[in-house]
Amino acid sequence: MTKNKNDLKSLIISSVAIIAIVLGYFLIDFNVLYQSFKGEVKFVTQKADCDLHKRSCTITIQDGTTFELSITPKDIPLMKPLKFTIKSNNPNLEKLNLNIYATNMFMGDFNLPIKNLSNGNYEAIGTLPTCPVGDMKWNAEIRIEKLNETIGARFQFKTDI
């Protein structure tokens, strides 16, 4: 009788453990959990006097990597394709994205894959949405994910309408 009781107890414990593992697999967002261990992204922002409408802007981030961003066409129109050209002193960067979002109104997040053209030249192409309010302020961020931290460059620009 005790053996049957122990077998039943063991079966119940095993079943509960298996159900907990399966539920955890489907209910826990492990990417969010992993990102929480890494902490906040440490961004370096471009100098205030740099205007992407006039020229490219350069940022050197914490590990010495430089990013020089230019946008064409220079008037940065909305609802038209934009080319984001990036030059870096690191020719071997992989899995980079250019994350663009408005800061004065939610217009969505635009994650543009950055294509490595070789020799430290990179490119991303995308379109920004129009807004009836106008005078939109945008951030364009490039992140480098390291094992224990995420660092990056934050470029800022405006669009008229």
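Numbering starts at 1 and runs along the sequence shown.
- Pro91 has its side chain out of reach of Asn119: every pair of non-hydrogen atoms, C-beta onward, lies at least 4.5 Å apart.
- Residues passing the salt bridge (Lys or Arg N to Asp or Glu O under 4.0 Å) test with Lys42 are Glu149, sequence neighbours excluded.
- In this structure, a donor-acceptor pair under 3.5 Å is absent between the side chains of Asn90 and Ser88.
- Looking only at side-chain heavy atoms (C-beta outward), Ile142 and Ile86 come within less than 4.5 Å of each other.
- How far CG of Leu52 is from CG of Leu69: 5.5 Å, rounded to the nearest 0.5 Å.
- A pairwise comparison of heavy atoms in Gln62 and Gly152 identifies OE1-N, 4.3 Å as the closest pair.
- Residue Leu112 forms a side-chain contact (heavy atoms from CB on, under 4.5 Å) with just one option from Leu96, Ile100, Asn97, Thr127, and that option is Ile100.
- Under a hydrophobic-cluster definition in which Ile, Leu, Val, Met, Phe, Trp and Tyr are linked whenever side-chain heavy atoms come within less than 4.5 Å, directly or via other members, Ile151 and Val44 are assigned to the same cluster.
- Within the structure, the side chain to side chain donor-acceptor pair (under 3.5 Å) test picks out the following pairs touching residues 99-110 (sequence neighbours left out): Tyr101-Asn139, Tyr101-Glu141.
- The heavy-atom pair separating Pro73 from Pro81 by the smallest distance is CD-O, 3.9 Å.
- Within the 4.5 Å cutoff, the side chain of Pro129 has heavy atoms near those of the Phe110 side chain.
- With rounding to the nearest 0.5 Å, the separation of CD1 in Ile71 from CG in Leu82 is 7.0 Å.
- Between Met136 and Ala102, the shortest heavy-atom contact is CE-CB, 3.5 Å.
- Side-chain contact check for Thr150 and Glu145: no donor-acceptor pair (N or O, by modelled atom type) lies under 3.5 Å.
- A distance of 10.0 Å separates CG of Leu98 from CZ of Phe67, quoted to the nearest 0.5 Å.
- Here the straight-line distance linking atom CZ of Arg143 with atom CZ of Arg154 works out to 8.0 Å at 0.5 Å rounding.
- Using bins of under 30°, 30° to 60° and over 60° for the plane-to-plane angle, the ring pair Phe157/Trp138 lands in the parallel bin.
- Phe106 and Leu128 fall into different hydrophobic clusters, where Ile, Leu, Val, Met, Phe, Trp and Tyr residues are linked whenever their side-chain heavy atoms come under 4.5 Å apart, directly or through other members.
- Looking at every heavy atom in both residues, Pro113 comes nearest to Ala124 through O-CB, 3.6 Å.
- The shortest distance between side-chain heavy atoms of Tyr122 and Leu93 falls below 4.5 Å.
- One distance of note links OG1 of Thr58 with CD of Gln46; it measures 10.0 Å at 0.5 Å rounding.
- We find the CG-CG distance between Leu11 and Asp7 to be 8.5 Å, quoted to the nearest 0.5 Å.
- The backbone N or O of Lys158 sits less than 3.5 Å from a side-chain atom of His53, completing a donor-acceptor pair.
- Looking only at distances, a side-chain donor or acceptor of Asn89 sits under 3.5 Å from a matching main-chain atom of Gly64.
- Closest non-hydrogen pair, Cys50 versus Ser56, comes out as SG-O, 3.6 Å.
- Atom NZ of Lys115 has 12 or fewer neighbouring heavy atoms from other residues, nucleotides or ligands inside a 6.0 Å radius.
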| message | Show, in sequence, the C-alpha distance, side-chain angles and deciding distance for Ile144 and Ile61, and conclude whether the side chain to side chain contact (heavy atoms under 4.5 Å, CB included) test is met. | response | CA-CA 10 Å; Ile144 295 179; Ile61 61 174; 3.6 Å; yes
| query | Passes salt bridge (charged side-chain N to carboxylate O under 4.0 Å, His left out), Asp63 versus Lys146? Steps please. | reply | CA-CA 10 Å; Asp63 69 352; Lys146 300 200 174 248; 3.1 Å; yes
